[in-house]
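Here is the structure we will look at.
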Amino acid sequence: MKAVIQRVSHASVVVDGELVGSIGAGLMVLVGAARGDSEKDVRWIARKMAEIRIFSDAQGKFNLGLSDVGGAILLVSQFTLLADTRKGRRPSFLEAAPPEEAVSLVNLCAGYLQERGVHVETGRFGAHMEVSLLNDGPVTILLDSKIRET
């Protein structure tokens, strides 16, 4: 599982003119499920999202996590994070999990975050989404459950 985490002042997702998810300060997270991802991958990435310290303390150091600042997560599924661009000009998405597996893994991720006390808003799986955000910093972090330390 891969994730792009962005520290934001606010973020939202619109589908067909309808606001489907919106947060104030917190994390905008694009998440992609890969073939072979397991519950272990989902748990690891959800824990990292919930606990990563990328919010500044009074001295401007990254010492605060999401719970310290009362932030939320806007979680948006994005299979294009699994793009393979090594050959040709058109990306291949063979490494992305099939939609029925991916939606289950992304929903599991949202559930784990909620179990940890995180307020989670989501996009709409499989829909054409318009995502708006104000990146704060900017701070952008990449996570990949396949290269985690065990």
Side-chain angles (χ1 to χ4, degrees), residues 1-16 18-56 62-86 91-150:
M1 185 165 260
K2 293 184 179 183
V4 176
I5 297 174
Q6 298 176 83
R7 187 178 74 186
V8 297
S9 297
H10 58 83
S12 62
V13 178
V14 171
V15 175
D16 294 328
E18 173 193 357
L19 180 67
V20 297
S22 178
I23 63 167
L27 301 175
M28 168 66 213
V29 180
L30 303 172
V31 64
R35 287 184 184 276
D37 277 347
S38 68
E39 183 176 346
K40 187 175 181 179
D41 294 288
V42 176
R43 280 190 180 278
W44 181 86
I45 217 155
R47 182 181 60 79
K48 279 292 193 181
M49 286 181 214
E51 296 178 1
I52 195 163
R53 297 186 314 170
I54 59 173
F55 295 90
S56 300
F62 282 0
N63 279 327
L64 304 177
L66 200 58
S67 63
D68 299 315
V69 299
I73 289 180
L74 178 57
L75 189 68
V76 174
S77 177
Q78 187 170 11
F79 76 95
T80 59
L81 291 178
L82 284 294
D84 182 350
T85 59
R86 292 175 290 184
S92 167
F93 300 103
L94 294 175
E95 294 180 27
E100 59 278 358
E101 289 176 31
V103 69
S104 176
L105 292 168
V106 171
N107 288 340
L108 190 60
C109 185
Y112 287 147
L113 288 164
Q114 290 167 337
E115 285 175 13
R116 297 179 82 80
V118 177
H119 176 78
V120 179
E121 297 275 328
T122 63
R124 187 170 294 155
F125 190 90
H128 181 269
M129 295 177 269
E130 296 173 352
V131 179
S132 299
L133 61 104
L134 181 58
N135 195 320
D136 179 21
V139 175
T140 303
I141 307 287
L142 304 175
L143 297 177
D144 186 339
S145 66
K146 299 301 186 221
I147 57 174
R148 70 182 181 267
E149 289 200 22
T150 54

Spatial distance of atom [atom1] ([X]) from atom [atom2] ([Y]) [nearest 0.5 Å]:
X      : Y      : atom1 : atom2 : value
Ile54  : Ser56  : CD1   : OG    : 9.5 Å
Leu66  : Ile73  : CG    : CD1   : 5.0 Å
His10  : Leu134 : NE2   : CG    : 4.5 Å
Asp41  : Leu105 : CG    : CG    : 8.5 Å
Thr140 : Leu142 : OG1   : CG    : 8.0 Å
Asn63  : Phe55  : CG    : CZ    : 13.0 Å

State, to 0.1 Å, how close [X] and [Y] come at their nearest heavy-atom pair, and which atoms those are.
X      : Y      : answer
Val118 : Ala50  : CG2-CB, 4.1 Å
Ser77  : Val106 : OG-CG2, 3.8 Å
Ala110 : Thr122 : CB-CG2, 4.5 Å

| said: Tell me if a side-chain donor or acceptor on Arg7 pairs with a main-chain N or O of Pro138 at a distance below 3.5 Å. | reply: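 No, Arg7 side chain to Pro138 backbone: no donor-acceptor pair under 3.5 Å.
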| task | May I ask you to decide if Met1's main-chain N or O and Ser145's side chain share a donor-acceptor pair within less than 3.5 Å? | result |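 Yes.
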| query | So, Ser92 versus Asp84: side-chain donor-acceptor pair below 3.5 Å or not? | reply |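 There is no such pair (donor and acceptor under 3.5 Å, judged by atom type) between the side chains of Ser92 and Asp84.
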| Polar contact flag, side-chain donor to acceptor under 3.5 angstrom, Asn107-Ser104 |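 No - no donor-acceptor pair under 3.5 Å links their side chains.
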| request: Check the pair Val139, Gln6 against side chain to side chain contact (heavy atoms under 4.5 Å, CB included), reporting the backbone distance first and the verdict last. | output: CA-CA 6 Å; Val139 175; Gln6 298 176 83; over 6 Å; no
Charged N-O contact under 4.0 Å between [X] and [Y]:
X      : Y     : value
Lys146 : Asp37 : yes
Arg124 : Glu18 : yes
Glu95  : Arg86 : yes

| query | So Met49 and Ile5, side chain to side chain contact (heavy atoms under 4.5 Å, CB included) or not? Walk me through it. | reply | CA-CA 8 Å; Met49 286 181 214; Ile5 297 174; 4.0 Å; yes
Non-hydrogen side-chain atoms of [X] and [Y] separated by less than 4.5 Å:
X      : Y      : answer
Val103 : Pro99  : no
Val8   : Asp136 : no
Val131 : Ser12  : no

| query | So which of Glu130, Met129, His128 actually passes side chain to side chain contact (heavy atoms under 4.5 Å, CB included) with Val14? | reply |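 Of Glu130, Met129, His128, side chain to side chain contact (heavy atoms under 4.5 Å, CB included) with Val14 is met by Glu130 alone.
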| request: Check Val76, Leu19, Ile23, Leu75 against Glu121 for a side chain to side chain contact (heavy atoms under 4.5 Å, CB included) and give me the one that passes. | output: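 With Glu121 as partner, Val76, Leu19, Ile23, Leu75 yield a single side chain to side chain contact (heavy atoms under 4.5 Å, CB included), made by Ile23.
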| request: List the steps and the verdict of side chain to side chain contact (heavy atoms under 4.5 Å, CB included) for Val4 and Val29. | output: CA-CA 6 Å; Val4 176; Val29 180; over 6 Å; no
| query | Yes or no on side chain to side chain contact (heavy atoms under 4.5 Å, CB included) for Val42 and Ser38, after CA distance, side-chain angles and deciding distance? | reply | CA-CA 7 Å; Val42 176; Ser38 68; over 6 Å; no
| field | Ring centres under 6.0 angstrom apart (Phe93, Phe79) | value |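 Between Phe93 and Phe79, the centre distance is under 6.0 Å.
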| said: Here's one to test your reading of the geometry: is the NZ or CZ of Arg47 within 45 degrees of the ring axis of Tyr112 and under 6.0 Å from its centre? | reply: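 No cation-pi geometry.
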